[in-house]
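Have a look at the structure below before the remarks.
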Protein chains: 2
Amino acid sequence: MSVRLTAQDAVLARLRDDILTGVLGPGDQLVQEALAERYGVSRVPLREALKTLESEGQLVYYPHRGYFVVELSVDDLREVYQLRALLEDAALRAAVPALDDQDVQHISTLSEEIDQAAADGDVIAMTDANRRFHFAMYDAAGMPRLSRLLRQLWEATDAYRAIYYQGEANRHRVTDEHSAMVLALRARDIDRLVALHDEHRTHSVAVVEAQLNPRDHIPHRTYPRENP
Amino acid sequence: MSVRLTAQDAVLARLRDDILTGVLGPGDQLVQEALAERYGVSRVPLREALKTLESEGQLVYYPHRGYFVVELSVDDLREVYQLRALLEDAALRAAVPALDDQDVQHISTLSEEIDQAAADGDVIAMTDANRRFHFAMYDAAGMPRLSRLLRQLWEATDAYRAIYYQGEANRHRVTDEHSAMVLALRARDIDRLVALHDEHRTHSVAVVEAQLNPRDHIPHRTYPRENP
DNA sequence: TCGCTCCAGATTGGATACAATCCGTCCATG
DNA sequence: CATGGACGGATTGTATCCAATCTGGAGCGA
């Protein structure tokens, strides 16, 4: 019975958290020896976790120089959200007809979980609940590959999402927008749901974009050069 | 100057070839010791390459049991092509206005490369040229994330594409369809290009789908069980 | 025959050790 | 003062070794 996680999976989870919370910020080099010690493992499983994050697009890798947390340009960010719009719309339109009342109820419960985490001020829990809320809808489309692509796109901006839930105003708007979406779901109003969802996404990209420019982040070691 | 490839990159390339050519077929377990010896490296860089292929969706991984070449169901295959349709249409529509005459000429040249490889009967070269032809168009959209997602979707079915180019009839149709697409490109007729491209994709999925069912493949060791 | 437990071999997971490469610095040279 | 080249520490890349886990079959009993 494999209740015991492998070291690489444990490390992967911790890396995701550290990127999400900003412990590892955009541009930072991930020095393997230091990280391995920090997580209490050797470099071998760490490197496999890094490789996973690289192919998800959260890290960039330069042979013989190492892994760095990606630095998104404004263009990158807009592209990610443009692709999300395309794919999330498709997912929702496929999902809604497949949802029964119990599914909708479950999604509603997840929405309340977010509010609870928000009240507790637990940013990690909130991000996590938020993701479960949205993916409960996307996954209902019954298209696992689509869900997978959407997870990647979401994770690609994790490094910049940390600050989003700090603001009180943002948290309230999120709550309201989610409630409206649940109502549209109950009514099985696909067009309205998609419209609300698009608006919701647009709000969040605006906030993240504002965070993007005025950064004077000091990298851990060196900025990666262009491909030599 | 890093002309020298790292072992993991070399192994990754060889793994892709072996999957593409069917040396490693759907359902096969990738026994690390054997593969490492085959490629002349140790298991460490091999495992990193395997991890990359796993997160691209070409392999599945069960902790303590190993990596297996994915076995696509008909539903999986249809989903991949449905997603490709969505994303490729978007890519083409963004790309065409950005193409100048020189770009179109380049794409036309790539089309001839495919024909040349087909004449030589070199399946690997043909697949490679075909991919460069299509991605010359997709990449022109100037959306690197989109290109990346499309690469993943293409690679996801590599294990089943090997047989496609064996048939003489398929090869001729591919040539004709590509020529028609180049003509539409020269005329900057976006709608026509997208339509031709959709048709082209539909043909190929039909052929692959036919390959999918009547399989009596003998796996290398054991079929992976469902998630325990 | 069927189902169960336990053991041995096979295979994967991870730690350590060492080799290859990179990068900043110092110094010589023009 | 600028430039280039060589050295050394830091970091990454890979091989080897051992531990942990799984698989399949032998043996046994119902």
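Naming convention: chains lettered A, B, ... in sequence-line order (proteins, then strands); numbering from 1 in each chain.
Between A:Y62 and D:dG13 there is no side-chain N or O to OP1 or OP2 distance below 4.0 Å. OP1 or OP2 of C:dT12 sits under 4.0 Å from a side-chain N or O of B:Q29. Phosphate contact (OP1/OP2 of C:dT12, side-chain N/O of B:R65, threshold under 4.0 Å): absent. For the pair B:Y61 and C:dG13, the criterion of a side-chain N or O lying under 4.0 Å from OP1 or OP2 is met. Put simply, B:S42 has no side-chain N or O that comes within less than 4.0 Å of OP1 or OP2 on D:dT14. At D:dT14, none of the side-chain N or O atoms of B:R43 fall inside 4.0 Å of OP1 or OP2 (strictly under the cut-off). Distances shown here put a side-chain N or O of A:Q32 below 4.0 Å from the OP1 or OP2 atom of D:dG13.
In this entry the distance linking OH of B:Y67 with P of C:dA10 reads 22 Å, nearest Å. Per the geometry, NZ belonging to B:K51 stands 13 Å off P belonging to C:dT12, to the nearest Å. Going from atom CD of A:E48 over to atom C1' of D:dT14 covers 13 Å, rounded to whole Å. In this structure, A:L46 places its CG atom 14 Å from C1' of D:dG13, rounding to the nearest Å. Atom pair B:Y39:OH and D:dA15:P shows a separation of 15 Å (rounding to whole Å applied). Rounded to whole Å, atom C1' of D:dT16 lies 11 Å from atom CD of B:E33. A:F68 has its CZ atom 11 Å from the C1' atom of D:dT12, to the nearest Å. Between the P atom of D:dT11 and the CG atom of A:L35 lies a distance of 12 Å, rounded to the nearest Å.
Taking B:E33 as the reference, nothing meets the side chain to side chain donor-acceptor pair (under 3.5 Å) condition, with sequence neighbours excluded. Remark: A:Y138 engages A:F135, A:H197 in a ring pair (Phe, Tyr, Trp, His ring centres under 6.0 Å) (not counting sequence neighbours).
Listed nucleotides C:dA15, D:dT21, D:dG13 differ in distance to A:P45; the shortest reach to its side chain belongs to C:dA15. Side-chain proximity of A:V44 to C:dG14, D:dG13, D:dT16: nearest is C:dG14.
A salt bridge links A:D158 with A:R131: at least one charged nitrogen is closer than 4.0 Å to a carboxylate oxygen. Checked for salt-bridge contact, A:R16 and A:E56 meet the test: a charged N lies under 4.0 Å from a carboxylate O. Ion pairing of B:E48 with B:K51 is absent here, as no side-chain N (NZ or NE/NH1/NH2) approaches a carboxylate O to less than 4.0 Å.
Within the 4.0 angstrom heavy-atom criterion, only backbone atoms of the sugar-phosphate kind lie near B:L30; the bases stay farther away.
A:R47 contributes no side-chain N or O that forms a donor-acceptor pair with the base of C:dG14 under 3.5 Å.
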